[in-house]
Every structure is written in structure tokens, then in C-alpha cells.
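Just below is one structure, and these are the notes that go with it.
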Amino acid sequence: MALLQIAEPGQSSAPHQRRFAVGIDLGTTNSLVATVRSGVAETLPDASGNHLLPSVVRYQPDHDPVVGIEAKSSSVDDPLNTIVSIKRLMGRGIEDLKSLGNRLPYKFAETESSVPRIATSAGHVSAVEVSAEILKSLKDRSEQTLGDELVGAVITVPAYFDDAQRQATKDAARLANINVLRLLNEPTAAAVAYGLDSGQEGVIAVYDLGGGTFDISILRLNKGVFEVLSTGGDSALGGDDFDHAIAEWIIPQIGLNKTELEPSQARLLLREACKAKEALAENEQVELNIELNENHRWFGLLTRDQFQQLVDPLIKKTLLACRRAIRDAGVDQADIVDVVMVGGSTRTLRVRELVGDFFKQQPLVSIDPDKVVAIGAAIQANSLAGNDPDGEMLLLDVIPLSLGIEIMGGLTEKIIHRNTPIPVSRAQEFTTYKDGQTAMAVHVVQGERELISDCRSLARFELRGFPPQVAGSARIRVTFQVDADGLLSVSAREETSGVEAHVEVKPSYGLNDAEIEKMLRDSMDYAKDDMLARSLREQQVEADRVIVALDAAMAEDADEMLEADERDAILKARDILLQTKQTSNDVQEIKQAVQAVERASASYVAKRMNASVQKTMAGHKVEEFTVEDENK
């Protein structure tokens with residue numbers, strides 16, 4: 001008789017009874033993969049026992065791409081074909097490279113595509129393709145360790161990644177043949193790991209400073225519910241910038257300037273700068289021995305005080321984002337019970353010191369800041385794969401910037417406001433502006449300003465083929481849906497006819513860090529001006545509406561209904577309104593001109609209404625309408 005092994009649901013060791021899922025922290029400097037085994041979330045090492053995979057890919061002719069430690073060792077000798085910090089290019093367009101160009105020792109191919117492609121000896125590659133190679137390496141590590149195929153992965157992204165950057169991450173996973181269970185914001189992943197580990201409840205700040213990105217999130221933890229109250233940060237600020245600051249301090253000591261450096265020399269300087277940064281975490285000073293070539297050598301000391309002077313401006317930029325996130329969350333600084341440090345760059349002592357001074361408490365560093373994001377993602381992946389139904393949690397992430405559409409007058413109508421929890425679906429009804437209109441253009445935008453010119457365009461599509469109606473009669477319902485990954489889709493439906501149109505927003509480039517910060521700062525700095533501008537535009541649109549409606553009516557029956565003096569009075573008021581609308585920026589003046597037209601045409605409007613009623617009543621008795629109304 002065969003013996004049967006019995007186990008609790010989800011606890012069987014048989015591979016076919018467990019759905020393997022992993023959490024992946026796709027980082028700028030290093031990446032990790034983690035999973036839950038025997039109820040414990042842990043990162044997975046490679047065959048040599050290394051948990052961290054350097055996010056570096058080297059391309060060579062007639063060879064498969066090399067990923068990780070081996071590729072990193074070639075970054076100085078072969079900088080043009082060894083791609084580092086690729087996360088900074090995810091979701092960015094050609095124009096966005098201007099802000100990063102002096103720090104990218106690559107040759108970019110001349111293409112018609114808006115997506116930048118790096119020229120290597122093995123061909124042209126995009127940021128998505130490079131990231132896919134890193135993800136493939138992590139996927140292979142997972143399947144070799146776990147001995148089975150993955151059902152999917154939760155991949156983390158910076159909270160401040162916009163729609164384009166998130167979509168690029170998902171595309172990279174698709175290229176790597178990974179089923180994405182969810183894109184999870186990095187601070188939220190850290191909160192999952194931290195919250196389950198400590199049982200902490202209350203308002204928590206997650207300070208996430210990685211190699212190339214910075215995020216700050218304010219969360220409320222309560223009985224397994226992780227609610228993101230606000231988020232902020234900089235998608236192009238991290239430990240790499242510390243290295244650049246040190247390297248730029250060294251360059252004049254050697255007797256060079258940045259423009260004279262060859263790519264291999266720049267990589268060598270950055271490597272030495274990174275070593276110095278890490279050494280200063282334990283030492284008061286570090287010796288530097290730089291040899292770029294026979295003519296350019298330098299030996300000297302970098303003290304911790306000098307290092308702090310170099311990086312303090314960068315750290316203070318993160319604290320400005322922290323202050324804004326606290327304000328957006330609607331909490332006081334005193335409400336924050338703990339500050340969780342995430343990301344390898346938080347190992348820098350000066351970061352911990354200034355963050356502690358800002359929040360007036362010692363930040364928590366009990367969980368390995370390199371691993372905490374991957375561990376949180378693994379816990380969520382395990383739950384989504386159905387392995388731990390009792391441990392399922394509710395994650396309430398938020399969108400970083402408001403989403404809306406363009407309306408008449410070049411104004412923005414926000415449909416989903418920033419810091420709204422996701423997933424979310426919001427709908428709003430709009431109508432037509434002109435008689436007989438059978439189509440409507442929908443322009444989807446992102447940003448905080450009132451005027452369309454101050455926001456970022458995401459997508460355009462048209463709703464066509466609905467029946468012509470009188471202006472203002474059509475009911476067009478525009479629905480915005482943001483999924484759990486933060487990706488947006490927009491649909492429009494004319495309710496009477498049922499005609500629909502739909503678009504998944506997939507822009508080919510993303511917002512860079514300066515644009516995001518500028519959008520939020522400008523929304524506050526120009527709030528009063530924006531409201532005045534909106535009021536003016538709305539009144540101008542109302543003036544146009546009155547003029548268009550009046551012209552249409554007079555073309556139809558003015559000759560029959562109006563005496564010459566009545567006609568002249570209406571036309572005079574109409575011309576004054578048109579001139580005022582075109583030349584005046586005074587809302588009240590335009591409003592008074594509109595009212596003057598309404599007064600001048602009041603008798604005409606009454607005559608038209610009476611004529612319409614008489615036409616409707618012709619051939620009928622009043623009693624017929626009364627009976628019909630009673631039956632209704």
C-alpha cells in the first residue's frame with residue numbers, strides 16, 4: 001500500500017501543488033529577486049552565493065549579452081558597450097536625454113524613433129531591451145533555484161515613475177517572458193516587508209534612496225491595510241549622483257576638465273569615487289590614488305567633511321520632497337511614528353544623519369536596505385499567486401500627478417486628482433459645443449495646472465459617428481481607469497447612440513524629474529494666477545457660445561420677428577461683446593457684455609419661444625397635453 005503525504009493547502013512541498021512567484025527589485029545599480037519559502041521571504045543568491053546582481057549589461061559581436069558581475073568588470077575597459085544605470089533611461093524620449101547627456105558615455109543611434117537607442121558593437125539597443133536582459137538573468141536564477149517555472153512576478157518601480165516609465169518596465173518584462181502579476185511602488189513594497197515584520201501601525205515615512213532614483217512616501221499602516229497618503233521624489237537622483245559629485249571634485253585636482261575625459265577615464269573615476277563613498281561610511285578619510293594615464297595622476301585624501309560638503313545639496317533636495325509629501329498627506333511631522341530607510345544609498349551616514357534631523361527621530365535601518373524592497377515584492381507575489389490566502393493584504397497606492405482632458409478654451413478638466421488611491425475608475429459627462437456636432441476630440445493630459453499649455457500631453461483620440469444634436473444635448477461620458485500597476489486607459493461613450501472610442505495611454509517618452517518637480521511647484525506658485533486665467537477662459541468660452549447661438553437664431557428668423565431698431569440694438573450689443581472678448585482680460589467686463597446681449601435680445605428670445613410653443617400646439621388642444629402628462 002502506497003503512503004500518501006498529507007499537507008495543509010498551499011503548504012505541500014510538491015511543485016505541482018504550489019505556484020511559484022517571485023518579487024523583483026529592478027534597480028538602477030543592483031537588482032534582486034526574492035520569493036517566499038517555508039513561510040519566509042528571502043532573496044535568492046546566484047551559484048556563487050551573490051544576492052545582488054549588478055544592473056549592468058555588456059554587448060559584444062556574435063555573443064549573448066553578459067549580465068551582472070562579469071559585465072561590471074568590463075565597464076571601465078569597454079564603456080561604450082557596457083551599459084550601466086539603464087533605469088534612468090526607461091520611458092524617456094530623445095528630448096529627455098538633454099538633461100542626462102553629460103553623464104551618459106554612450107553613442108546614441110540616429111533613428112526616426114522617439115525612443116533612444118544606444119549604439120553598441122552588437123547593434124542598437126533600447127533601455128527596454130537592456131532591462132529585459134537583467135530580468136532574464138533574474139528569472140533564470142529563480143527557476144534554477146526553485147526547480148520549476150514561475151507563474152509570475154511582482155516587479156517594483158519608483159513611486160514617481162510616470163505612465164511611460166511603468167509601461168516601459170512592463171514591456172521589458174514581456175521581452176523577458178515574465179508574467180507581471182503587478183507593478184508595485186518601491187516604498188509600498190518596503191512598507192509591506194516592514195509592516196509584516198514588526199506589526200507596526202500608524203503613519204510611516206518610507207525614505208527610498210537608491211542608485212539612481214529617490215522616492216518618499218507617507219503611508220498609514222492599519223491591520224494589514226497599507227494606504228499611501230502621498231508620494232514624491234525624483235526619478236533621476238540617487239547614489240550615482242554622489243559618485244558624480246566626488247568625481248567632479250577629483251577632476252580639477254588632476255588638472256583636467258570634464259570635456260577632456262574619455263569614456264573609459266570617466267568610468268574609472270566613477271568607480272574610484274564609489275569606492276571612496278563606501279569607505280567613508282566607516283572611516284574619517286580615504287586615500288585616493290588616481291591614474292588616468294602617464295600624464296594625469298593624482299594622489300590625495302578625501303575626508304568625511306569634504307564628502308559631506310559635496311553631497312549635502314543632493315540630500316537636501318530629497319528633504320524638500322519629504323516636506324512636500326508630508327504636506328500633501330495632510331499630516332503633521334509629529335504624526336510620523338517611524339522613518340524606514342530603503343535603498344543602498346541610505347547606508348551613507350550623512351544621509352541617515354540629515355534625515356534623522358529632519359524627522360526629529362532616528363530612522364529605522366533594521367532590515368537590510370538593499371533587500372527590503374525585493375522581500376516586500378515577494379510577499380505580495382506569494383499572495384497574488386494564491387499561496388497565502390490568509391495573508392492577503394490591501395495595498396492602496398496612489399497616482400503621482402493628476403489626469404484629465406482638455407475642454408473648450410484650452411482649459412484642463414481634472415478627472416483623477418493626484419494622490420488618489422489606485423486602482424481607480426472615474427467618469428465625467430461632457431457635451432457638444434456646436435449644433436450638429438457628430439465628433440469630439442479627446443485630449444488626455446497629466447499635470448496640476450489649469451491651462452492645457454502648462455500640462456503634459458499623454459494621448460489624443462476621437463469619438464466619431466454619434467447623431468447630430470443641438471449644442472449641449474449630447475451626453476458624452478469620458479471614463480478614466482488606472483489599474484493596480486498605475487497604467488491608464490481612457491474611453492468615451494455617447495450615451496444616446498452608444499458610440500464608443502477607447503485608448504490605452506502608451507506614450508513613447510516619460511516625464512523627466514525636472515518636469516515632475518516643476519509641475520508640482522508651479523501648481524502651488526501659480527495657483528492664484530491659474531484660477532484667474534481659468535475664470536477668464538471660461539468667460540471667453542461663454543461669450544463665444546452666446547455669439548454662436550445668437551448668430552444661428554438670427555440667420556433663421558430675425559427678418560420675420562424683429563423690427564429694424566430691435567435688430568440694430570441686438571447687433572450692436574453683439575459686436576460690443578465680440579470686441580470685448582477679443583481685447584479685454586477683465587472677467588467682469590466680458591460678463592457685463594454678455595449680460596448686455598441677453599438684455600437686448602430678451603424680447604427676441606421671448607418671441608422665438610412663443611413661436612415654438614405655438615408650432616408645437618398647432619392642431620392640438622390643451623387637454624391632450626394635460627391627459628398625457630397625467631398618464632406619465
Set of salt bridge (charged side-chain N to carboxylate O under 4.0 Å, His left out) partners for E556, sequence neighbours left out: R608
Presence of salt bridge, E186 and K87, under 4.0 angstrom: yes
Side chains of I218 and V331 in contact at under 4.5 Å (non-hydrogen atoms): yes
Derivation and outcome, side chain to side chain contact (heavy atoms under 4.5 Å, CB included), residues V541 and R545: CA-CA 6 Å; V541 169; R545 186 194 65 77; 5.6 Å; no
Donor + acceptor pair across side chains of S383, Q380 (<3.5 Å): no
Pairwise distance CD1(I407) to OG1(T412) - rounded to 0.5 angstrom: 8.0 Å
Selection residues 566-588 - residue pairs positive for salt bridge (Lys or Arg N to Asp or Glu O under 4.0 Å), sequence neighbours left out: D544-K581, D551-R574, D559-R567, E566-K607
L488 side chain reached by V444 side chain, heavy atoms, under 4.5 Å: yes
Distance-only side-chain donor-acceptor flag, T580 / E589, under 3.5 Å: no
Inter-residue atom distance D215.CG - C322.SG, 0.5 Å rounding: 10.5 Å
L403 side, atom CG; E413 side, atom CD - distance, nearest 0.5 Å: 13.0 Å
Heavy-atom donor-acceptor pair, N179 side chain to V151 backbone, under 3.5 Å: yes
pair R324-D328: side-chain heavy atoms closer than 4.5 Å: yes
With A427 via side-chain contact (heavy atoms from CB on, under 4.5 Å) - residues at least two apart: R477, T479
Side-chain heavy-atom pair Q582, L578 within 4.5 angstrom cut-off: yes
V180 and T169, any side-chain heavy atoms less than 4.5 Å apart: no
Side-chain heavy atoms of V442 within contact of R460, under 4.5 Å: no
pair I24-V154: side-chain heavy atoms closer than 4.5 Å: no
Sequence-distant partners of Q579, side chain to side chain donor-acceptor pair (under 3.5 Å), two or more places apart: none
Residue Q595 excluded, over 12 heavy atoms near CD under 6.0 Å: yes
Atom pair CG (N382) and CZ (F20), whose distance is rounded to the nearest 0.5 Å: 10.0 Å
Shortest non-hydrogen separation from T156 to A189 and the atoms involved: CG2-CB, 3.9 Å
Q469 side chain near E494 side chain, heavy-atom distance below 4.5 Å: yes
Pairing residues for R426 by the salt bridge (charged side-chain N to carboxylate O under 4.0 Å, His left out) criterion, not counting sequence neighbours: none
Sidechain-backbone polar pair: E563 side chain, D565 backbone, donor-acceptor under 3.5 Å: no
Test log, rule side chain to side chain contact (heavy atoms under 4.5 Å, CB included), inputs I570 and M554: CA-CA 10 Å; I570 292 174; M554 294 188 72; 3.9 Å; yes
Test item: Q437 side-chain N/O and A439 main-chain N/O as donor-acceptor pair under 3.5 Å: yes
Where T438 and P467 come nearest, the two heavy atoms and their spacing: CG2-C, 4.4 Å
Non-hydrogen atoms of S131 and L26 that approach each other most closely: CB-CD2, 4.3 Å
Flag, side chain of Y604 to backbone of A553, donor-acceptor distance under 3.5 Å: yes
Distance in Å, L463 CG paired with M440 CE, rounded so as to fall on 0.5 Å steps: 7.5 Å
Any donor-acceptor pair under 3.5 Å from T431 side chain to A474 backbone: yes
Shortest non-hydrogen separation from A176 to A132 and the atoms involved: CB-O, 3.6 Å
Side chain to side chain contact (heavy atoms under 4.5 Å, CB included) assessment of Q167 paired with L183: CA-CA 10 Å; Q167 187 63 54; L183 295 181; over 6 Å; no
Nearest atoms (heavy-atom pairs only) where M90 meets A172: CE-CB, 4.4 Å
Salt bridge (charged side-chain N to carboxylate O under 4.0 Å, His left out) against R475, all qualifying residues, sequence neighbours excluded: E429
Taking every non-hydrogen atom, the tightest pair across A191 and V206: CB-CG2, 4.5 Å
Spacing of CD1 belonging to I416 relative to CD belonging to Q481, to within rounding of 0.5 Å: 8.5 Å
